[in-house]
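Here's the structure, in structure tokens; my notes come after.
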Amino acid sequence: MLAGDLYDASAPEIQADQAAAKEWMVRYNAALALPPGDRRQLLLERLAAVGDGAVIRPPFHCDYGYNISLGAGVFLNFNCVILDVVAVTIGDKTQIGPGVQLLTADHPRDFAAREAGLEFGRPIHIGRNVWIGGAALILPGVTIGDDAIVGAGSVVTRDVPAGATVMGNPARVR
């Protein structure tokens, strides 16, 4: 799975990892009223990396958590979803609006492979000082360059150059 190869999501090891993530999300999403330091400790329990000052406002949802790396000063607003079947990296000082979805999970185009329950993932890399507006969708395999802006509600299907502003469905450079 982590190599981007086809995998069976019903495999016992994968199901166990998802169950552990669900248990963690119950605790994290109940922590909205806790001090930021307590929520940070919960993030450190599950995520691959959590930079200084990184904040995720609950509710938050992910597949595993351990494939997510947050840089220093990263901010994710309420109700973000990260399907992290492979690596998701978010650079320092990036701000992500409410309801944004980062989706690394993908499915074979071949109907027989899909019917067999096979899946794969493609990593998402978001650079430094990026702003992603509310309800945007970032699809599998996308890289967003440093200092870029993604308009609210955009569907990002391809890489975004550093410093670019993209918007729409599919998102295009403005």
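Numbers for residues simply follow the sequence, beginning at 1.
- Side-chain heavy atoms closer than 4.5 Å link hydrophobic residues (I, L, V, M, F, W, Y) into clusters, and following such links, even through other members, never connects Y66 to L76.
- A donor-acceptor contact shorter than 3.5 Å links the side chain of N29 to the backbone of M25.
- Shown here for Y64 and D84, the closest heavy-atom pair between the two residues is N-OD1, 2.8 Å.
- There is no side-chain donor-acceptor pair under 3.5 Å between H125 and T143.
- For the residue pair C62 and I68, the shortest heavy atom distance occurs at CB-CD1, 3.9 Å.
- Note on Y28 and V100: same hydrophobic cluster, where clusters join Ile, Leu, Val, Met, Phe, Trp and Tyr whose side-chain heavy atoms are under 4.5 Å apart, directly or indirectly.
- Residues V150 and V156 come closest through the heavy atom pair CG1-CG2, 3.6 Å.
- Atoms CG and CZ, on N77 and F60 in that order, are 13.0 Å from each other to the nearest 0.5 Å.
- Residues F120 and D5 have side chains not in contact (no heavy-atom distance under 4.5 Å, counting atoms from C-beta outward).
- Going from atom CG of D8 over to atom CE of M1 covers 12.0 Å, rounded to the nearest 0.5 Å.
- The line from CG of L47 to CD of E45 is 10.5 Å long, rounded to the nearest 0.5 Å.
- Note that the CG atom of L42 and the CZ atom of R27 stand 5.5 Å from one another [nearest 0.5 Å].
- Hydrophobic clustering of Ile, Leu, Val, Met, Phe, Trp and Tyr side chains at less than 4.5 Å, counting indirect connections, keeps L2 apart from V88.
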Could you walk me through whether Q18 and E23 pass side chain to side chain contact (heavy atoms under 4.5 Å, CB included), step by step?
CA-CA 9 Å; Q18 285 185 342; E23 290 175 12; over 6 Å; no

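- Within 6.0 Å of atom CZ in R174, 12 or fewer heavy atoms from other residues, nucleotides or ligands are found, so the atom counts as exposed in its surroundings.
- Residues L102 and V85 fall into different hydrophobic clusters, defined by Ile, Leu, Val, Met, Phe, Trp and Tyr side chains chained together at heavy-atom separations under 4.5 Å.
- Contact check for I149 versus Q95: no side-chain heavy atoms found under the 4.5 Å cut-off.
- Under a 4.0 Å N-O distance rule, the pair R122/D106 qualifies as a salt bridge.
- The line from CD1 of I96 to CD1 of I126 is 4.5 Å long, rounded to the nearest 0.5 Å.
- Without hydrogens or angle criteria, T165 side chain to G151 main chain gives no donor-acceptor distance under 3.5 Å.
- Between G71 and A54, the shortest heavy-atom distance links the atoms O-CB, 3.7 Å.
- A single hydrophobic cluster is seen to contain both L44 and I56, as judged by linkage of ILVMFWY side chains at heavy-atom distances under 4.5 Å, directly or through other members.
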Apply salt bridge (charged side-chain N to carboxylate O under 4.0 Å, His left out) to the pair K22 and D17, showing each step before the final yes or no.
CA-CA 9 Å; K22 288 175 187 173; D17 284 353; over 6 Å; no

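- Side-chain contact check for I138 versus I144: some heavy-atom pair is nearer than 4.5 Å.
- With side-chain heavy atoms closer than 4.5 Å counting as contact, directly or through intermediates, the hydrophobic cluster containing V81 also holds L83, L103, L137, L139, V155.
- Scanning all heavy atoms of the two residues, the minimum distance from L32 to R39 falls at O-NH1, 3.2 Å.
- Put simply, the side chain of H61 does not reach to within 4.5 Å of the side chain of I82, judged on heavy atoms.
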Carefully, step by step, assess Y7 and L118 under the rule side chain to side chain contact (heavy atoms under 4.5 Å, CB included).
CA-CA 5 Å; Y7 65 91; L118 299 177; over 6 Å; no

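- Between the CZ atom of F75 and the CH2 atom of W131 there is a distance of 12.5 Å, given to the nearest 0.5 Å.
- Looking only at distances, no side-chain donor or acceptor of R40 sits under 3.5 Å from a matching main-chain atom of P35.
- Using a 4.5 Å cut-off on side-chain heavy atoms (C-beta onward), N79 and P59 make contact.
- The two atoms that bring P161 and A148 nearest to each other are O-CB, 3.9 Å, heavy atoms only.
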